[in-house]
Amino acid sequence: MSSQIDHLLNESRRFAPSAKFAADAVASADLYAQAGADREAFWAEQARALEWSTPFTQTLDWSNPPFAQWFADGELNVAYNCLDRHVEAGLGDRVALLWEGEPGDSRAVTYSELTDEVKRVANVLEGLGVGHGDRVAIYLPMIPEAIAAMLAVARIGAIHSVIFGGFSADSLRSRLDDAGAKLVITADGGYRKGRVSPLKPAVDHALGDRGAGPQESVEHVLVVRRTGNEVSWDADRDIWWHDAVPAASGEHVAQPFPAENPLFILYTSGTTGKPKGILHTSGGYLTQAAFTHKVAHDIHPASDVFWCTADIGWITGHSYVVYGPLANGTTQVLYEGTPDTPHPGRWWEIVQKYGVTILYTAPTAIRSFMKLGRQIPEQFDLSSIRLLGSVGEPINPEAWMWYRHVIGGDSTPIIDTWWQTETGAMMVSALPGVTETKPGSAQVSLPGITIDVVDDDGNHVGNGNGGLLVITEPWPSMLRGIWGDPDRFKETYWEKFETQGFYFAGDGARLDEDGDIWFLGRVDDVMNVSGHRLSTTEIESALVGNEAVAEAAVVGASDETTGQAVVAFVIIKQSYLDAHSPEGLAGTLRQWVGEQIGPIARPRDVYIVGELPKTRSGKIMRRLLRDVAEGREIGDTTTLADTMVMSVISAQVK
Ligand code: 6R9
């Protein structure tokens, strides 16, 4: 790190809002005061920024916790709020998407054009018999059609479930089955790292007969041609987007739906092997996505060029690529590919090309740019940037300072935003121009959000102490449940603090002397690799699904670049040990996990060991394995059934 940054770290650990930024900021301190005075009235006011076909008269119904209802007697159309209303307001020629493909092709899509496309897709969907409440899976690269597909599903009151394009056929299949999807929208492929990454073959594989018969709920597959690779075709089932969409009518009237109409299901890893289908609904979700996008990102829609680098397969892509920015009539960059293709300055070239003013990305990306060195971003003009955001995992102070210094030219505020798939939208973040910031702290809850840090019994820990993060009151964009599993919903989030009625987030946090929040990572068996949530159990099940593996334990070990990395300890069946080299087995298993779940789940290290550390009740002590994986001294081993086992394992991984 440069000595200049060292100096800043030592001299100044806090930044007051600059007067220049504050003068023109969207947010003001009044927001905290208003929310503090009457939280529900505050949210009702934010909801009224949307256009309602039937205005709501009730704000919150919390009579049946943990099942909240927000704005329940109101009706609106989510897609209308993101599209038609801007066109009707005379903003049809404003660019909605500045799209950049990885190979360098690009396209600007205006609000009028996107509205027209969404209307046509809505007609295609209805023509295929998809309607209110039906589930539509979306498995697409980062192309404008992906956004059009999501909005078209929303427009007809159906429910989308976006599945990250990096997930394997197996992961796709389990999600299609769980959601009971009727339609899949995919592409032949997308571009990643300079290559075609095929998608349609994974869909074909997921839908085919895999021993227990073909997948049953999916009736049609709508296919965007993106990469031109050859794909197999089922003429009764498959439809080309470019045949169906341009031929469909461009007239489509958006029907209003109740505020609590389901909008999407998004699968995320939990502490068990089976991913959870997090369910979000319409009015409350859109209210909080739009409000937080506007105030935390300080959106001036007529002049800003916003860029959230997240994939639409994650919640950040849902709330801050699709719903928040479009509800606010924002112009934004959408980039298909990877940050280092075809050269390591690609992102900064995009910032320069489009004059990006607000950049929202993940600490893992910042750390990998840090590793490459400041000489790369310094080749580009980044002076358009006026605000930086971070999301997905704790940002360490060094990365925070580098981000501000090298990317932000020492002048931009940084917002560190904490939230989850389950919370739907940001919950903790500074308000730029209003809140003082500190490198490494996510600061304070947003107006209208009530957060606390408590001990195991639910008591407030007080400043200077660590504990568990809880949300003490319902919020508009909260998850409404886990698809098809109300018991798991209650057990996972509400059982721990049932008496107090707190939502348990699964994150550890500390309050500093000023009462500001510092996140400490997950307190459960969920790992965070490059800002992606992965479950240890899910990867362990994939490993033991390989015929060579007798037992497996997976931990998230801290990693300089990715935050955490997947490290697996496996016991191999003797016959395989006899026939294969340990290096060969480790390589095979890394690849196997990649195929079973997706490349993001591929372990960084696979250690072949003779035994795993277990308690007398047979529980694997992952804490001890983490010590080994991080090269630390092994912690307390007294509860192990066999206290010798750790010294054997340590010797084996060296
Ligand atoms: C939005 C998103 C949620 C988990 C969450 C926490 C971690 C997210 C963070 C952060 C510290 C931040 N997390 N933002 N930790 N500081 N600013 O990432 O959703 O994929 O569901 O992950 O990510 O551990 O519980 P999701």
Side-chain angles (χ1 to χ4, degrees), residues 162 164 166-167 264-271 275-280 285 288-289 292-293 296-297 308-324 360-367 388-397 399-400 403 414-430 437-446 449 451 453 466 468-471 477-479 482 492-493 503-510 516-536 556 558 562-564 600-601:
V162 182
F164 175 55
F167 277 127
F264 65 86
I265 304 167
L266 184 57
Y267 287 87
T268 187
S269 297
T271 50
K276 304 176 278 200
I278 303 299
L279 177 70
H280 282 286
Y285 170 79
Q288 197 174 327
T292 52
H293 177 251
H297 286 127
C308 166
T309 65
D311 191 281
I312 50 149
W314 311 114
I315 190 68
T316 307
H318 282 59
S319 303
Y320 301 106
V321 175
V322 183
Y323 292 108
Y360 188 39
T361 194
T364 181
I366 301 163
R367 287 193 297 265
L388 295 170
S390 174
V391 61
E393 51 180 320
I395 177 165
N396 46 312
W400 198 103
Y403 196 28
I414 293 184
I415 51 163
D416 174 9
T417 65
W418 177 91
W419 56 292
Q420 309 177 299
T421 305
E422 292 87 343
T423 69
M426 293 174 196
M427 303 294 280
V428 177
S429 168
T437 59
K438 295 175 191 165
S441 165
Q443 307 294 146
V444 290
S445 50
L446 281 161
I449 301 298
I451 296 274
V453 179
L468 302 170
L469 189 94
V470 294
I471 305 165
S477 64
M478 68 195 285
L479 76 167
I482 294 177
T492 312
Y493 308 105
Y503 168 89
F504 170 56
D507 277 61
R510 190 170 64 82
D516 287 326
I517 304 166
W518 295 70
F519 283 95
L520 304 174
R522 302 285 307 187
V523 296
D524 53 18
D525 287 336
V526 175
M527 294 172 287
N528 190 325
V529 178
S530 296
H532 298 148
R533 273 165 73 171
L534 295 170
S535 132
T536 51
S558 54
T562 58
Q564 283 188 311
I600 46 163

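Counting starts at 1 for both ligands and their atoms, following the listed order. The first residue in the sequence is number 1, and the count goes up from there.
Judged by distance alone, with hydrogens and angles left aside, the side-chain atoms of Tyr320 form no donor-acceptor pair with the main-chain N or O of Ala425 at under 3.5 Å. Panel note: side chain Thr423, backbone Gln420; a donor-acceptor pair is recorded below 3.5 Å.
One distance of note links OG of Ser319 with NE2 of His293; it measures 10.5 Å at 0.5 Å rounding.
Protein residues with a heavy atom under 4.0 Å from ligand 1 are Ile315, Thr316, Val391, Gly392, Glu393, Pro394, Asp416, Thr417, Trp418, Trp419, Gln420, Thr421, Asp507, Phe519, Arg522, Asn528, Arg533.
For Ser390, the side-chain contact (heavy atoms from CB on, under 4.5 Å) partners are Pro363, Ile395, Asp416, not counting sequence neighbours.
Of all heavy-atom pairs between Thr292 and Ala289, the closest is OG1-O, 3.3 Å.
Between Phe504 and Val523 the shortest side-chain heavy-atom distance falls below 4.5 Å.
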